[in-house]
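Hydrogens, waters and symmetry mates are skipped; everything else that's a heavy atom, side chains included, is used. Numbers restart at 1 for each chain; the letters A, B, ... are given by sequence-line order, proteins then strands.
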Amino acid sequence: MTEYTSLEKIRLQKLEELRAEGIEAYPTRARRTHMSTEAISEFESKEKNGVEIKTTLAGRLRASRSMGKVTFAHIEDGAGKIQLFVRANELGKERVDFFNKMLDLGDFIQAEGVMFRTKSGEVSLHVHDFSLLAKSISPLPAAKDETLEDGTVIRHAALEHPELRARQRYADLAVNPQVRETFRKRAAIVRSLQNFLDDQGFLEVETPILQPLYGGAAARPFTTHHNELEQDMYLRISFELYLKRLLVGNLEKVYEIGRDFRNEGVSFKHNPEFTQLEFYWAYADYFQVMELTEQMVSYVADKVLGTQKIKFKEHEIDLTPPWKRLEMRTGILETSGVDIAEHKTAEELFKAIKSEHPKQTPDPKATRGKLIDFLLSEFLEPTLIQPTFLYNYPRDISPLAKSIPGDPLTVERFEGYVAGFELCNAFTELNDPLDQEQRFIEMGRDYEADDEEKHPLDEDYLRAMRYGMPPNGGFGMGVDRLAMLLLNKHSIREVLLFPALRNEE
RNA sequence: GGGCGCGUAGCUCAAUGGUAGAGCAGCGGCCUUUUAAGCCGUUUGUUGAGGGUUCGAGCCCCUCCGCGCUCACCA
């Protein structure tokens, strides 16, 4: 049974009274002729001519100030807010009382009348009739807006609790317009990415989310089971192996934007399901992918924000191409003093790190690649504020990337860093089926038999590769992270409508 | 999963171990151009849950739940 608060009980009582008077609190149909902003701008453009503008508006009651026989109220619709002027002269004392007593903040109503300007100058609707469209039983988290003389709006008692905002996103959206704006912009970001790639001749495709095997990244999967097929299945951890199968099928430029699922920890930049963009581009290498990446991200910033100069936390970031290129070896050497090229085994590299930085505690059992990753995140990453392509990665943490000709320890891979965090990851893709098989086997050896990160060998993927895969450049980017970066949001939860949360109770 | 912190009215927040409060919202009034409207009056609580210490616990201790920050895994 629902437990009602005292405030809710009062509203339920009003519902009873409405019913007793034969008034439908949830009528089937509504009427609206104008959005709030349309009504205002139409009035302003015709105000001088004295043309009467009749409108019917619909929206949510957000504020109400009764002065006895006159009430000022604001309703909010999809476009903005507009003031209603409700007066006994037109409606009679009874209807004004009804407005004041039977309507509550949060109710959806419609009101028809004529546009006018109040003494204090606000364009408003002079209401001739109104009706309830949907009763609100639970009071929305109360918030009041104060508009200062300079136009700044201050929110008082706004819903701020991060848990409530995420758990009850509907209430958050209802009372915090800037949250609605965030998600409109997020949609615009995704649309711009699609437009950009479409214009470049890429084909948008959809590949299986439910997979018999998982692969393409180092992460633990979510496992599920198909009853009729009597087999376990996995939610995908990346799109890579399926998209590259399409290159075998002569689709030369493909991309997918969709959900990945990784059974890992949750943090300000990790959600168990997140939106990923991956594209694969036949006959391109990682340098070409770099150029396309900087063009794509700056294009999106331009379309969504109208500028390539963005703010993130205390940083001013310029996304205008070209972005800085920094070889990983050089970057690590400059920031940590360790030259990874001088230490070709894990043991040597470990000693070098310890002698250069006695206080640091890298994992003594780590592979050479993992040690390099340690140096990267500990020393180099925090310095990469302006957009930077960090390129040439150790082979053993990049099992799907192609080696640099003449350098068997290094692969043609880059990651794009902005504001100190990793935005994207790309490489010249490995297209040699025999080498790929070796890599899979090598990678399997790095893990204990029961290691959850140990990945199954995808025989079908190797079968596809054996038909022949064109040389190609591949790319992956967390779309949520791009949204965080462009919208200056410092937690992934701010750019996810319904982030993963533990069950209540 | 580890460490640190937080949880008080519908919302935002107070309250030395000593009667649980304020503003807004709500409810009852007054008010025909207000806009965080104003004025008078007034209600609202299992202080996240459970246990313990104490004459007495919102406050101290323990367990649990949820969230935040952070570390690890990862993108």
Side-chain angles (χ1 to χ4, degrees), chain A residues 3-11 13-14 62-74 81 83-91 93 96 101 104-106 116-122 124 126 136-148 153-168 171 175-176 216-220 237-238 260-278 361 363 370 373 377 415-416 421-425 451-453 476-482 484 490-493 499 501-505:
Chain A
E3 296 269 343
Y4 291 107
T5 66
S6 59
L7 298 184
E8 289 168 332
K9 284 174 186 161
I10 289 164
R11 293 191 181 194
Q13 182 59 38
K14 290 181 186 179
R62 297 289 290 138
S64 184
R65 300 173 292 280
S66 163
M67 301 185 60
K69 297 187 183 64
V70 183
T71 294
F72 294 89
H74 273 94
K81 280 187 186 176
Q83 181 168 258
L84 306 182
F85 180 67
V86 180
R87 193 168 68 161
N89 301 36
E90 292 74 35
L91 290 153
K93 179 78 164 67
V96 175
K101 296 190 176 173
D104 290 290
L105 299 187
F116 81 116
R117 190 181 287 274
T118 63
K119 275 185 185 168
S120 51
E122 181 165 347
S124 309
H126 198 135
S136 157
I137 292 169
S138 303
L140 285 168
K144 274 199 164 188
D145 288 345
E146 178 182 13
T147 311
L148 300 181
V153 176
I154 299 177
R155 308 223 89 204
H156 296 277
L159 176 64
E160 282 172 351
H161 197 284
E163 178 185 355
L164 260 183
R165 289 189 46 229
R167 221 179 261 292
Q168 299 190 31
V175 302
N176 291 325
R220 284 139 69 195
I237 59 173
S238 92
D260 266 348
F261 305 84
R262 298 191 183 174
N263 209 336
E264 308 277 358
V266 174
S267 82
F268 75 96
K269 54 178 178 174
H270 297 91
N271 195 64
E273 52 180 304
F274 63 100
T275 300
Q276 178 88 346
L277 160 67
E278 289 188 27
T361 54
D363 179 2
K370 293 239 171 179
D373 208 41
S377 51
E415 293 190 336
F421 67 81
E422 181 194 334
L423 181 65
C424 59
N425 178 21
D451 192 319
E452 283 174 310
E453 278 191 21
M477 176 171 70
V479 173
D480 314 287
R481 295 225 180 139
L482 179 66
M484 285 169 66
H490 309 147
S491 164
I492 197 169
R493 291 191 168 172
L501 293 170
R502 227 177 280 268
N503 270 338
E504 291 179 82
E505 294 168 286

With a non-hydrogen cut-off below 4.0 angstrom, is [X] in contact with a base, only sugar-phosphate, or nothing?
X: A/F268; value: sugar-phosphate
X: A/L423; value: nothing
X: A/K81; value: nothing
X: A/H74; value: base
X: A/L7; value: base
X: A/N263; value: nothing
X: A/Q83; value: base

[N] OP1/OP2 closer than 4.0 Å to side-chain N/O of [X]:
X: A/K101; N: B/G29; value: yes
X: A/R502; N: B/G66; value: yes
X: A/R65; N: B/U35; value: no
X: A/K14; N: B/C27; value: yes
X: A/R167; N: B/C67; value: yes

Where the side chain of [X] is concerned, which of [options] is the nearest nucleotide?
X: A/T118; options: B/U70, B/U34, B/G26; answer: B/U34
X: A/E163; options: B/U32, B/C11, B/C67; answer: B/C67
X: A/A88; options: B/U32, B/C67, B/G26; answer: B/U32
X: A/V70; options: B/U44, B/U32, B/C27; answer: B/U32
X: A/E122; options: B/U35, B/A75, B/U12; answer: B/U35
X: A/M67; options: B/G26, B/G66, B/A37; answer: B/A37

I want to confirm an ordering. Mapping A/D480 and A/A63 to their closest nucleotides on RNA chain B, which one lands closer to the 5' end?
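This one resolves to A/A63.
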Could you give the distance separating B/A37 and B/G26 at their P atoms, to the nearest angstrom?
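Between the two P atoms, the distance is 10 Å.
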Nucleotide forming a Watson-Crick or wobble pair with [N], both distances under 3.5 Å:
N: B/U47; answer: none
N: B/G1; answer: B/C71
N: B/C6; answer: B/G66

A/F72 vs A/F85 aromatic rings, parallel, tilted or perpendicular, using cut-offs 30° and 60°?
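Because their plane-to-plane angle lies in the 30° to 60° range, the rings of A/F72 and A/F85 count as tilted.
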Can a donor-acceptor pair under 3.5 Å be found between the side-chain atoms of A/S120 and the base atoms of B/U33?
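Result: no qualifying N/O pair found.
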Within the stacking criterion (centroid distance below 5.5 Å, interplanar angle below 30°), does A/F72 stack on B/A37?
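Stack criterion not met.
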